[in-house]
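Notes to accompany the following structure.
Remember, predicted model here, so these are calculated numbers, not experimental data. Here is the naming used below: chain letters follow the sequence lines, and residue numbers restart at 1 for every chain.
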Amino acid sequence: MPEKIYDHNLIELQRCEEWAASDLYKAEENSSKPKYYVLEMLPYPSGALHIGHIRNYSIGDALARYMWMRGYNVLHPMGWDAFGLPAENAAIKNQCPPREWTLQNIAKMKQTHSRYAFSYDWDREVTTCEPDYYRWNQWFFLRMLEQGLAYRKQALVNWCSKCATVLANEQVVDGCCWRHEDTPVEQRALEQWFLRTTAFADELLNDISQLEGNWPDRVLTMQKNWIGRSEGAEVDFEVESYGKVRVFTTRIDTIYGATVLILAPEHEIVRTLLGAEAQAAAKKMVDARAQQGPGDVEKEGFFTGLHAVNPFSGEKMQVWVGNFVLMGYGTGAVMAVPAHDERDFEFCRKYKLPIVPVIRPEDGELPDAELMTVASGEYGIVESSAQYSGMKSQDARKAMTAYAEAQGFGKAAITYRLKDWGVSRQRYWGTPIPVVHCPEHGVVGVPDDQLPVLLPRQVELTGQGRSPLAAVPEFVQTTCPKCGGPAERETDTMDTFVDSSWYFYRYCDAKNSNAPFDPAKIAYWFPIDQYIGGVEHAILHLIYSRFWTKMMKGLGLTPNDEPVKKLFTQGMVIANGAKMSKSKGNVVGADSVAERYGADTARLFALFAAPPEKDMDWTDAGVEGIYRFLGRVYRFATRNLPLSEVKGDGSTDAKVLRKLHQTLKKITNDFDTRWHFNTSIAALMELVNECYASEAGLSSAAMGQVIQIITMMLAPFAPYLAQQLWEEVGNTGPVLKQPWPAADEDLARENEVEIVVQLNGKVRARLVVAAGISSAELEAAALGDEKVRELLEGKTIVKVIAVPGKLVNLVVK
RNA sequence: GCCCGGGUGGCGAAACUGGCAGACGCAACGGACUUAAAAUCCGUAGACCUUCAAUGGUUGUGCGGGUUCAAGUCCCGCCCCGGGCACCA
């Protein structure tokens with residue numbers, strides 16, 4: 001029974017081919033087993049997997065394999081988020097058509113996937129850039145169009161005057177075009193498509209309660225903030241020679257302190273009522289906002305020359321335009337209450353506009369406008385406010401809102417920070433929006449039976465001009481589905497977040513050519529039991545996905561409110577101390593690691609180096625350590641096979657089996673509760689260390705049990721080695737389909753425990769006692785111990801704390 | 001500015017419910033094997049002090065207080081690092 005040297009190529013390469021050709025990982029339809037849907041976020045096919053991907057997939061794969069062994073019908077699919085800008089950019093650079101570039105990348109990455117033996121059911125693969133997928137994007141879009149959930153409106157886009165094209169947000173670098181660093185982007189208004197996410201704002205917010213406990217709190221908090229519901233009132237201010245201007249405020253109780261009406265630079269009044277000079281100034285503000293990144297921006301504004309009337313006080317107030325007033329929130333106009341709002345205060349002080357305090361603290365005086373250095377935003381008692389004076393803020397809010405409503409110049413209102421989802425992209429590599437513009441009938445949806453609207457293959461991509469599709473006459477020129485007359489196709493394509501908003505439904509029925517999926521299949525597989533991905537998708541992808549599910553529920557396609565039952569967000573991978581990035585050139589590729597150390601080592605290290613939710617540092621030395629560990633396991637097993645040749649006298653059986661079953665208990669618990677696989681693997685290492693130390697005394701029977709259970713415990717983490725050992729022992733078939741072993745409590749039980757004896761909290765002695773004795777017995781044992789008696793000489797015991805299994809603390813004087 | 005995380009040896013980390021701080025791994029050092037090296041196996045190891053030595057002692061989880069028989073863990077006040085949001089009226 002000579003030991004065998006661990007050679008990852010020998011163990012992995014052939015098996016990799018076998019598994020790729022097998023149907024080992026197929027999910028069953030119509031199974032009697034309980035289902036488990038585990039999902040990792042689908043990658044963008046950039047061309048190569050790196051260790052960040054490997055970490056993500058190793059977590060999901062370990063879980064999938066564990067659940068298989070627990071007897072579940074596991075659905076574990078994978079696909080490609082294949083539309084998007086990089087393909088288009090690559091095309092412009094290398095003259096390679098986006099589709100070709102993308103499919104080549106997918107082929108390469110799929111090969112790496114199979115090298116790593118991730119347990120995906122590739123029969124369900126989804127590639128979002130293929131017509132059999134994106135036609136359903138179009139189908140959904142048409143449903144939303146019918147329901148008024150998809151609509152068009154004017155919206156601003158980033159525009160580079162040199163490229164004469166629309167830029168995506170990620171193509172804007174420091175406020176300038178990514179290809180013309182000296183050319184600041186401008187904002188241009190274009191007619192664009194939107195999805196009415198705000199129609200579900202309340203549901204998206206309220207249903208967060210269904211996710212609590214199963215999604216990370218910080219993700220839920222981020223989503224709540226993103227939705228940003230706030231309650232207040234809308235109030236009309238009469239503006240001379242214009243009419244009513246509506247504002248939204250959460251502090252109607254301060255309205256007697258409103259001294260200025262401030263409009264967003266995009267406000268209608270600016271366009272319709274003001275002169276060229278004012279319009280130019282407003283335009284400058286809009287462009288400046290696009291160019292400035294986040295950070296403190298100096299407040300700017302100008303007087304419009306117009307005046308408004310405060311509907312409560314009847315006071316005349318100036319109307320200004322301010323760069324800090326957002327058109328996209330509320331009504332695009334605010335009543336400025338400088339005494340009680342920090343931003344208004346800053347603005348009014350800068351432009352020497354009046355400041356009128358109207359709220360005093362419950363136990364204080366009304367602040368003096370002359371002496372104020374900061375606004376006070378607190379609630380308090382309303383003063384200088386006619387009949388409302390003396391009321392508490394909260395009561396005044398109600399009373400004033402009611403009055404405004406009764407008088408017909410206002411009402412209670414709720415505003416969200418969440419905006420409708422702009423899905424138009426003036427890009428080529430995305431799903432064509434399936435509508436036609438007819439001179440007669442306006443916007444007409446393409447009939448379902450004409451889907452998909454195919455993305456033309458032959459398109460010249462220059463990065464210049466309007467949407468690339470607009471330059472393809474065969475695409476643009478069509479007929480109106482209603483009247484048959486000449487018409488033009490929409491040339492915008494969809495945001496790629498559309499693709500990823502529902503791809504996980506398609507996995508359940510990936511080949512359906514009559515519908516996006518069969519609702520019966522969804523009803524079986526959904527919700528996703530465990531979704532795993534990067535926290536960077538905490539907001540957009542996960543809100544859009546939730547929105548999509550709610551929209552689908554409205555269509556009767558799914559019974560669920562929420563698509564994802566449990567969410568896990570894993571940490572980033574740092575490579576040898578530095579954040580991995582292409583520009584730094586320190587991206588650790590999955591292929592090279594597999595070649596050098598094998599997939600098992602890479603996977604195990606990805607799980608060992610840190611708990612999965614935290615950032616981890618990938619170090620070459622650390623990987624070596626894992627490789628050594630796998631070698632230790634393999635050598636130990638092989639030199640003790642066949643078991644018939646193991647001649648140990650059994651003297652260490654109890655000790656090793658105790659450790660074995662304790663380890664099994666721990667790992668089972670880690671899977672079922674906290675996923676700290678780093679400690680699971682550390683426990684396996686401890687076990688193997690114990691095996692080495694006690695090897696000679698192990699009987700053949702115990703050895704068999706040890707090797708068998710170690711093999712099973714390794715199976716979710718290191719599938720190649722586990723299968724190899726499984727077969728070396730003499731078993732056949734996949735270890736993956738073996739039942740997960742149950743820990744034997746009797747064998748795991750410690751019969752003796754070491755107890756520390758403390759004097760005033762300091763460890764002074766140790767004693768070994770039988771496990772499970774009561775605290776009274778423990779106390780007696782400690783006081784009876786010779787060393788303890790020595791230590792106690794001349795001292796008085798004040799108090800004794802005895803904690804069974806842990807310690808005895810003697811408080812002495 | 002606001003909201004989350006986090007700060008433990010030379011390094012990655014562990015300590016799950018307040019109960020022996022540093023499991024496990026990396027790097028380091030010592031030994032065995034070897035002609036030698038690699039590989040492998042065994043061992044040492046927070047810091048400081050004391051002892052020929054076994055050992056014994058002090059100190060130690062970002063800083064300062066507090067609660068407790070007992071604090072990395074709980075409470076109060078700060079400092080630093082990372083992430084998210086950022087004029088949301």
Suppose we screen for salt bridge (charged side-chain N to carboxylate O under 4.0 Å, His left out). Which residues come up paired with A:Lys284, at least two apart in sequence or across chains?
none
Applying salt bridge (charged side-chain N to carboxylate O under 4.0 Å, His left out), can you list everything that pairs with A:Arg229, at least two apart in sequence or on another chain?
A:Asp202, A:Glu231
CG of A:Leu778 versus P of B:C69: gap in Å, rounded?
19 Å
Measuring only the C1' atom in each nucleotide, how far is B:G6 from B:G12? A whole number of Å is fine.
15 Å
Just jot down the ring-ring contact (aromatic ring centres under 6.0 Å, His included) partners of A:Phe605, sequence neighbours excluded, or say none.
A:Trp618
Taking atom types as modelled, find out whether A:Tyr634 and A:Glu3 have a side-chain donor-acceptor pair closer than 3.5 angstrom.
no
The criterion is salt bridge (charged side-chain N to carboxylate O under 4.0 Å, His left out); which residues satisfy it with A:Lys244, sequence neighbours excluded?
none
Any idea which heavy atoms bring A:Val769 and A:Ile755 closest together, and the distance?
CG2-CG1, 3.6 Å
Nucleotide of B:C3, B:C20, B:A89 approaching A:Glu754 most closely (side-chain heavy atoms)
B:C20
A:Phe629 and A:Tyr597: aromatic ring centres closer than 6.0 Å?
no
Side chain of A:Lys762: nearest nucleotide among B:C20, B:G84, B:U59?
B:U59
Contact class for A:Val337 (heavy atom, under 4.0 Å): base, sugar-phosphate, or nothing?
nothing
Under 6.0 Å between ring centres, would you say that holds for A:Phe237 and A:Phe409?
no
I need the residues from residues 679-690 of chain A with at least one non-hydrogen atom less than 4.0 Å from RNA chain B; give them sorted by number, or say none.
A:Thr679, A:Ala682, A:Met685, A:Glu686, A:Asn689
With sequence neighbours left out, the residues meeting salt bridge (charged side-chain N to carboxylate O under 4.0 Å, His left out) with A:Asp341 are A:Arg343
Kindly state which residues belonging to residues 607-629 of chain A come within less than 4.0 angstrom of RNA chain B, counting heavy atoms of the residue only, listed by number.
A:Phe608, A:Ala609, A:Pro611, A:Asp615, A:Ala621, A:Gly625, A:Arg628
Between protein and nucleic acid, restricted to nucleotides 16-19 of chain B and to nitrogen or oxygen atoms under 3.5 Å apart, what atom pairs and distances do you find?
none

Are the charged groups of A:Lys299 and A:Glu346 less than 4.0 angstrom apart, N to O?
yes
A:Gln662 CD - B:C24 C1' separation (whole Å)
16 Å
With sequence neighbours left out, what residues match A:Phe194 under ring-ring contact (aromatic ring centres under 6.0 Å, His included)?
A:Tyr151
What's A:Arg764 touching, base or sugar-phosphate or nothing? Going by heavy atoms closer than 4.0 Å.
sugar-phosphate
Suppose you measure atom C1' in B:A15 against the same atom in B:C24; what distance do you get, rounded to whole Å?
12 Å
Give the rounded distance in Å between these two atoms: CG of A:Asp7 and C1' of B:U40.
16 Å
Using the salt bridge (charged side-chain N to carboxylate O under 4.0 Å, His left out) rule, take A:Glu695 and A:Arg632 through it: C-alpha gap first, then chi angles, then the decisive distance, then the call.
CA-CA 13 Å; A:Glu695 187 172 3; A:Arg632 263 166 89 76; over 6 Å; no
Residue met sooner reading RNA chain B from 5', once A:Ile539 and A:Thr249 are mapped to nucleotides
A:Ile539
Does A:Arg218 reach a base, just sugar-phosphate, or nothing at all? Heavy atoms under 4.0 Å.
sugar-phosphate
Starting at CZ of A:Arg289 and ending at C1' of B:C87, how long is that distance when rounded to a whole Å?
9 Å
From CE of A:Met327 across to C1' of B:A89 the rounded distance in Å is 14 Å
Between B:C16 and B:G72, how many Å separate the two C1' atoms, rounded to a whole number?
14 Å
Among all residues two or more places apart in sequence or in another chain, which pass the ring-ring contact (aromatic ring centres under 6.0 Å, His included) test with A:Phe324?
A:Phe347
Rounded to whole angstroms, how far apart are CG on A:Asp217 and P on B:G5?
8 Å
Compare all side-chain heavy atoms of A:Ser230 with those of A:Arg417 and state whether any distance is below 4.5 angstrom.
no
According to ring-ring contact (aromatic ring centres under 6.0 Å, His included), who are the partners of A:Phe302, at least two apart in sequence or on a separate chain?
none
May I have the distance from A:Met572 (atom CE) to B:G5 (atom P), rounded to whole angstrom?
18 Å
Looking at A:Tyr692, I'd like to know whether one of its side-chain N or O atoms comes within less than 4.0 Å of OP1 or OP2 on B:C41.
yes
Could you tell me whether A:Val334 contacts a base, only the sugar-phosphate backbone, or nothing, with contacts defined as non-hydrogen atoms closer than 4.0 Å?
base
Take the protein atom NE2 of A:His676 and the nucleotide atom P of B:C24, then report the distance between them rounded to whole Å.
19 Å
Counting just side-chain N and O atoms, does A:Asn678 come under 4.0 Å of either OP1 or OP2 of B:A14?
yes
Where the chi angle of B:G9 falls, syn if within 90° of 0 and anti if not:
syn
Does RNA chain B take part in any stems of at least 3 consecutive Watson-Crick or G-U pairs (both distances under 3.5 Å), and if so, which ones?
B:1-7 with B:79-85, B:10-12 with B:24-26, B:28-32 with B:40-44, B:46-49 with B:56-59, B:62-66 with B:74-78
Could you pick out which residue, A:Trp226 or A:Arg251, lies toward the 5' side of RNA chain B when each is mapped onto its nearest nucleotide?
A:Trp226
